[in-house]
2 protein chains.
Amino acid sequence: MDFSMPGLDPASDRPVFKQIADHLREAIERGSLEPGAKVPSEATLMAHYGVARMTVRSALQLLQSEGLTVAEHGRGVFVRSRPPVRRLASDRFARRHRDRGKAAFIVETEEAGGKPSVDSIQISEMDASADVAKRLGLAAQDRVVVRSRRYLINGHPVETAVSYLPAAIAGGTRIAEPDTGPGGIYARLEEMGYRLDHFDEEIKARMPLREEVKALKLAPGTPVFHLVRTAFAEDGRAVEVCDTVMSSDAYVLSYQLPAR
Amino acid sequence: MDFSMPGLDPASDRPVFKQIADHLREAIERGSLEPGAKVPSEATLMAHYGVARMTVRSALQLLQSEGLTVAEHGRGVFVRSRPPVRRLASDRFARRHRDRGKAAFIVETEEAGGKPSVDSIQISEMDASADVAKRLGLAAQDRVVVRSRRYLINGHPVETAVSYLPAAIAGGTRIAEPDTGPGGIYARLEEMGYRLDHFDEEIKARMPLREEVKALKLAPGTPVFHLVRTAFAEDGRAVEVCDTVMSSDAYVLSYQLPAR
């Protein structure tokens, strides 16, 4: 092992598995086990401490429940890397940002010194669900263009998003292609004459579903923000609904409320 | 027992504790066990099913981990009552609401048909923490008036809030008394000449601390919103910081973002 680890204290009334967890936790906190580093294997820890596998497993389980480590199937246990927190500003969708020719996610992540990427882009057309139809002011079963994708910072997934746009607006346009071009969906909508007026955002917090844990590589005990944004054009028409799930580890949301 | 409960299915390959949990879950879902109702005791369930205490405990544990029941120490297990969800509108602190002479929480809860109450009101004066001083633009160790309280809907706690105001503004005023009077803190500030301009809100989601679980009577697996709001007067001065912890069960937050 490349970090110093004390032996057990036989006089302590602290259970052995907790002592082992304490040692590993201290190594993580002091940085001798860095984010992303592999935690010594069960076999290594058993040999080092002279304890049974169950004891080592209890120690590792404890660290995982504290959100300090992540087990990767077949690869071992790793110190959890937390992505840099993305602070979402209350003017994040203002036109002056859109006009810079990049999507908000790309601009903000780069400004914060992170490396943004987007993957798992999937595009389809389908009947609107009752909820989406209601939010977009469509009739039940009107067609919508559906764009889903995943956002990553420094290779770590932080958010999944699914946009729904009326097919009557977005069908056959660049919005229905994998690369929506400079400025993204909102820039394309404005070019098509749908000048944007405002966005409504609705936020819930909850524990993630199993597939969300997987898509966002969430550590145990990490809730998600479930945020649904509706974009309104200047004529009052809803032109997009974006349904997002964000790791609560990776985001601080900020908003400004009027007092007048 | 005052609800019909089937016996076990000996031919099923579903473990016995899951079968018992299934029966109780169905009774909860169909409403024969209503929110707030006491779940049959361990002894009753043991006798009804002819199983060991551990089996009954596993079944009850499963329901609790699903957020369907709550164990109250020494009193038994109860079907969890979920408070009505409070939807926070993006204009919730607009002056037209404040002018109605009640605090936003009271007005909104009554409009939604709920019974609002506030308890655990505590008022003190102390040195500002580094974070509060920064948000209020104070020097380190400037004094602040601290008002903490808990908000309840239909007797169920939904939010704790701690407001910090510069003692130079709020000290010795009605803001430092248990009853702040009609319209609450914000109405008093405006009467004192601090016309409010806007509020900044910053939102995180996380699992609750142990004392938050207690104060908000949170069921297992319920994250909280941690929301910090800063109130700004028209001259740009920050006049209040309100640090709140809200049950994610009880709130949907909504905001409007500009597109221009």
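Below, all heavy atoms of this structure are taken into account, side chains as well, without hydrogens, waters or symmetry copies. We name chains A, B, ... by the order of the sequence lines, and we start the count at 1 in each one.
Remark: Tyr255(A) OH to Arg229(B) CZ distance equals 15.0 Å, nearest 0.5 Å. Distance CG/Leu253(B) to CG/Leu227(A): 9.5 Å, rounded to 0.5 Å. A distance of 9.5 Å separates CG in Leu257(A) from NE2 in His198(B), rounded to the nearest 0.5 Å.
With respect to chain A, the highest number of heavy-atom pairs below 4.5 Å among Asp200(B), Val252(B), Asp197(B) belongs to Asp197(B). Taking chain A as the reference chain and counting heavy-atom pairs below 4.5 Å, the highest number among Arg260(B), Lys204(B), Met207(B), His226(B) is found for Arg260(B). Note on Arg195(A), Glu234(A), Met246(A), Glu202(A): by heavy-atom pairs under 4.5 Å with chain B, the leading option is Glu202(A).
More than 12 heavy-atom neighbours from other residues, nucleotides or ligands sit within 6.0 angstrom of CE on Met192(B).
Between Ala205(B) and Ala205(A) the shortest heavy-atom distance is CB-CB, 3.9 Å.
Only the side chain of Phe225(A) comes within less than 4.5 Å of a heavy atom in chain B; its backbone stays farther off.
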